[in-house]
> 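This structure is in structure tokens; I'll ask about it shortly.
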Amino acid sequence: MSSLLVDNIGELVTNGTGEGPLGIRRDAAVLVEEGRVVWVGPSAYAPAADRRLDAGGAAVLPGFVDSHAHLVFAGDRAAEFAARMAGEPYTGGGIRTTVGATRAATDDELRATVRRLRGEALRQGTTTMEIKSGYGLTVADEARSLRIAAESSTETTFLGAHVVPAEYAVRPDDYVELVCGPMLAAAAPYAKWVDVFCEQGAFDVDHARAILAAGQAAGLGVRIHANQLGPGPGVQLGVELDAASVDHCTHLSDADVDALAGTAHSDGSGTRTVATLLPGAEFSTRSPYPNARRLLDAGVTVALATDCNPGSSYTSSMPFCVALAVREMRMTPAEAVWAATAGGARALRRDDIGVLTPGARADLVVLDAPSYLHLAYRPGVPLIRQVMRNGVTP
Ligand SMILES: [Zn+2]
């Protein structure tokens, strides 16, 4: 059994016991055995190990947990982005452009895109990345999207209800029946989660409830795209169905915030539905950001994720999202880093990632900086010196 000691860590973010909300330890070391953290403590008292990684006084934090990404697609929507920056509004209708390109792509083309984006994210410190389907929208194309996603992540999500495809535009009820029946059956073997885009112009609350309930009955956990483009019933539906996460949360009523806060326990235990904020989407569509302070001040558990997709948020960078959360959503740097690590883990109902405490997976990031503060303080700068997954450099 080979052990690895990461020592001489100037600032270690554990998200466990330590100073402040991030559980910070100074001059610390982490001992890793068989891909797991087995000891955390002062560098001066570190046990011996077979190998050593000297962090050189830099900051070390848990690998980022990106709990919301759409990586299985083909095509490019740069022209749509340019048009939007020139003043055209974002409606979500461009999803159909990507659906056409995705259906026409080969498996290898889709696989290459997933691997490219997954690698890009990894180099920016993302050690866990959720991947959704949702650009196939036929039984065969959704199943193959998830089969390909499952090659790169265990956190895979069936999003057959991303948009009603053009061929079902005049009979959306029939499409919902397809999603709940044969499409779910073909997708479920490769999926851990089910998700619905519950929004005006996408799926209404009755359709969303039917699809999520069918997914639950097939053994999948629930997540939902809710209240992104306007107010609506999505957040409350998510809470009602014990969703792991309600994502976007840009337009919330007081009742929505209360519903989310009602699911959280003040000691952090038993926290259920997480509010996942995706500021890359507001940045890329030039839209008002969600009110993170209102959620945090109400005691809601908040996660940050990229929403990486070719239309509304084509970034794979969690450090960029941390910087946006601090600058544009008034989260403190500590809140943003927690949300991008432990918060993402909660949004995936995982307790073995997003923390660096004994028993956790040895998924960690060594920064080219003395403190996690630099993630927000130095936006756009490549600060990830080294990434480890399961105790090894991938
Ligand atoms: Zn999304």
Side-chain angles (χ1 to χ4, degrees), residues 65-73 77 80-81 84 90-99 102 113-114 117-118 121 126 128-137 142 145-146 149 153 155-164 179 191-203 208 211-212 215 221-230 232 234-235 237-238 243-251 273-285 287 289-290 302-318 320-321 324-325 339-340 343-344 347-348:
V65 179
D66 185 353
S67 60
H68 186 135
H70 307 250
L71 305 189
V72 194
F73 65 86
R77 282 157 61 190
E80 178 191 316
F81 174 78
R84 200 161 61 229
Y90 177 69
T91 60
I95 292 170
R96 291 195 180 89
T97 311
T98 301
V99 170
T102 303
T113 297
V114 172
L117 293 169
R118 183 65 194 91
T126 300
T128 301
M129 197 170 194
E130 184 255 19
I131 304 177
K132 301 177 195 297
S133 68
Y135 294 113
L137 310 186
E142 284 298 298
S145 294
L146 284 158
S153 180
E155 301 293 344
T156 53
T157 300
F158 170 47
L159 181 59
H162 198 184
V163 68
V164 177
V179 171
K192 181 170 173 183
W193 304 97
V194 61
D195 192 346
V196 172
F197 188 21
C198 183
E199 197 80 40
Q200 203 154 22
F203 295 85
I211 292 161
L212 295 173
V222 169
R223 12 193 9 93
I224 184 167
H225 284 67
N227 303 52
Q228 176 188 3
L229 304 177
V235 165
L237 177 64
S245 179
V246 292
D247 295 31
H248 284 292
C249 296
T250 311
H251 298 271
T273 303
V274 172
T276 300
L277 308 182
L278 308 162
E282 280 76 32
F283 177 86
S284 302
T285 58
S287 304
Y289 289 89
V302 171
L304 282 173
T306 61
D307 195 17
C308 183
N309 78 83
S312 59
S313 182
Y314 201 9
T315 181
S316 55
S317 173
M318 289 294 279
F320 174 65
C321 294
L324 282 183
L348 294 171

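When a ligand or atom number is given, it counts from 1 through the structure's own listing order.
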> Side chains of Ser67 and Glu155, heavy atoms from C-beta outward: is any pair under 4.5 Å?
no
> Looking at Tyr314, I want to see if its OH is surrounded by more than 12 non-hydrogen atoms of other residues, nucleotides or ligands under 6.0 Å.
yes
> Under 2.8 Å from the Zn ion (ligand 1), which protein N, O or S atoms do you find? Ignore water molecules.
His68 NE2, His70 NE2, His225 NE2, Asp307 OD1
> Relative to each other, are the rings of His162 and His70 parallel, tilted or perpendicular (30° and 60° limits)?
parallel
> Going by heavy atoms in the side chains, are Val194 and Val222 under 4.5 Å from each other?
yes
> Do the side chains of Phe158 and Ser133 get nearer than 4.5 Å, heavy atoms only?
yes
> As a quick check of understanding, evaluate side-chain hydrogen bond (donor to acceptor under 3.5 Å, both in side chains) for Arg118 and Ser153, giving each step before the final call.
CA-CA 9 Å; Arg118 183 65 194 91; Ser153 180; over 6 Å; no
